[in-house]
Amino acid sequence: MFIEVLKSKIHRVTITEGNLNYIGSITIDEALMEAAGMIENERVDIYNITNGERFSTYAIKGERGSGVIGLNGAAAHKAAVGDLVIIASYCSMDFEEAKRWHPTVIFPKDNHLV
């Protein structure tokens, strides 16, 4: 049996930009993606701490070290610049393997690694 478990999480980052005229996704500082073990085009869930919205999209790399967290396309309607969010990714694995699994969780400060 396979189950879905938390793979990685970027905890409490701030939305820095929104771009309605883009085809979709969330732009994430490449350094944050790397530290969290996320890759470009990976499905991510966004949990908006500020307004309670929860939605899924895919990640694209933003400029390394910029601190950018930008919602694009329709997702830009789900959060405003300044909102706090959690970005999570999941993976499927064997039930027994999942019992021993430990996700990667990072806690950026002001959208940068500490």
Side-chain angles (χ1 to χ4, degrees):
M1 170 177 50
F2 282 84
I3 64 170
E4 211 169 281
V5 296
L6 180 67
K7 180 180 81 70
S8 56
K9 179 169 76 165
I10 302 173
H11 191 74
R12 295 182 65 94
V13 286
T14 303
I15 299 297
T16 60
E17 60 187 43
N19 182 357
L20 289 170
N21 298 314
Y22 188 83
I23 58 173
S25 72
I26 183 168
T27 304
I28 305 170
D29 179 323
E30 185 176 12
L32 296 177
M33 286 180 66
E34 188 175 273
M38 294 177 181
I39 61 170
E40 193 160 49
N41 299 310
E42 181 174 1
R43 177 185 168 177
V44 293
D45 288 344
I46 312 301
Y47 309 128
N48 189 324
I49 297 165
T50 304
N51 69 16
E53 288 279 358
R54 298 167 74 90
F55 58 96
S56 298
T57 188
Y58 61 94
I60 60 173
K61 290 179 189 174
E63 182 181 341
R64 179 179 291 277
S66 66
V68 66
I69 303 292
L71 288 174
N72 305 305
H77 288 287
K78 300 287 190 179
V81 171
D83 282 3
L84 278 175
V85 298
I86 295 168
I87 304 168
S89 68
Y90 297 85
C91 64
S92 292
M93 64 178 60
D94 175 78
F95 183 76
E96 292 303 318
E97 180 184 7
K99 289 179 181 180
R100 298 180 301 279
W101 175 251
H102 299 285
T104 301
V105 180
I106 65 168
F107 300 88
K109 180 171 175 55
D110 300 321
N111 289 15
H112 293 87
L113 297 173
V114 287

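Quantities reported herein were computed from a predicted structural model and do not represent experimental measurements.
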Counting distance only, does the side-chain N/O of Lys61 pair as donor-acceptor with the main-chain N or O of Met33 below 3.5 Å?
no
What pair of heavy atoms forms the shortest contact from Asp29 to Ser66, and how long is it?
OD2-N, 3.0 Å
Test of understanding: with salt bridge (charged side-chain N to carboxylate O under 4.0 Å, His left out), list the residues that count as partners of Lys9, not counting sequence neighbours.
none
Taking CD in Glu63 as the centre, count heavy atoms belonging to other residues, nucleotides or ligands within less than 6.0 Å. Is the count above 12?
no
So, do Leu71 and His77 sit near enough that their side-chain heavy atoms are less than 4.5 Å apart?
no
Partner residues of Asn19 under the side-chain contact (heavy atoms from CB on, under 4.5 Å) criterion, sequence neighbours left out:
Asn21, Tyr22, Asn72
So, does Asn111 use its side chain to make a donor-acceptor pair with the main chain of Val13 at under 3.5 Å?
no
Determine whether Val85 and Ile49 fall in the same hydrophobic cluster, where Ile, Leu, Val, Met, Phe, Trp and Tyr are linked whenever their side-chain heavy atoms lie under 4.5 Å apart.
no
So does His112 get a backbone contact from the side chain of Asp110, meaning a donor-acceptor N/O pair under 3.5 Å?
no
Heavy atoms of Ala35 and Thr104 approach each other most closely as O-CG2, 3.4 Å
Quick one: pull up OG in Ser8 and CD1 in Ile39 and give me the separation to the nearest 0.5 Å.
10.0 Å
Specify the closest pair of heavy atoms between Arg54 and Tyr47, including all atoms of both residues, with the distance to one decimal.
NH2-CE2, 3.3 Å
Measure the spacing between CD1 of Ile106 and CD1 of Ile10 and express it to the nearest 0.5 Å.
4.5 Å
To the nearest 0.5 Å, tell me how far Ile69 CD1 sits from Asp83 CG.
12.5 Å
With sequence neighbours left out, the residues meeting side-chain contact (heavy atoms from CB on, under 4.5 Å) with Glu34 are Arg64
Glu42 side, atom CD; Ser25 side, atom OG - distance, nearest 0.5 Å
13.5 Å
For a quick test of reading the model, state the closest non-hydrogen atom pair linking Arg100 to His102 and the distance between them.
O-CD2, 3.3 Å
ILVMFWY clustering at 4.5 Å (side-chain atoms), partners of Val105:
Phe107
Taking side chain to side chain donor-acceptor pair (under 3.5 Å) as the definition, give me every residue that meets it alongside Glu96, ordered by chain and number, with sequence neighbours left out.
Lys99
Can any side-chain N or O of Thr50 pair as donor or acceptor with the backbone N or O of Leu84 at less than 3.5 Å?
yes
At what distance, to the nearest 0.5 angstrom, does OH of Tyr90 lie from CZ of Arg43?
9.0 Å
Is it true that Val44 and Phe55 fall in one hydrophobic cluster, defined by side-chain heavy atoms closer than 4.5 Å?
yes
Evaluation steps, side-chain contact (heavy atoms from CB on, under 4.5 Å), between Ile87 and Met38:
CA-CA 10 Å; Ile87 304 168; Met38 294 177 181; 4.0 Å; yes
Hey, could you give me the SG/CG distance between Cys91 and Leu6, rounded to the nearest 0.5 Å?
8.0 Å
Keeping Asn48 on the side-chain end and Lys78 on the backbone end, is there a donor-acceptor pair under 3.5 Å?
yes
By side-chain contact (heavy atoms from CB on, under 4.5 Å), which residues pair with Ile3, not counting sequence neighbours?
Met1, Val5, Phe95, Ala98
Can you hop from Ile15 to Ile46 via hydrophobic side chains spaced under 4.5 Å?
yes
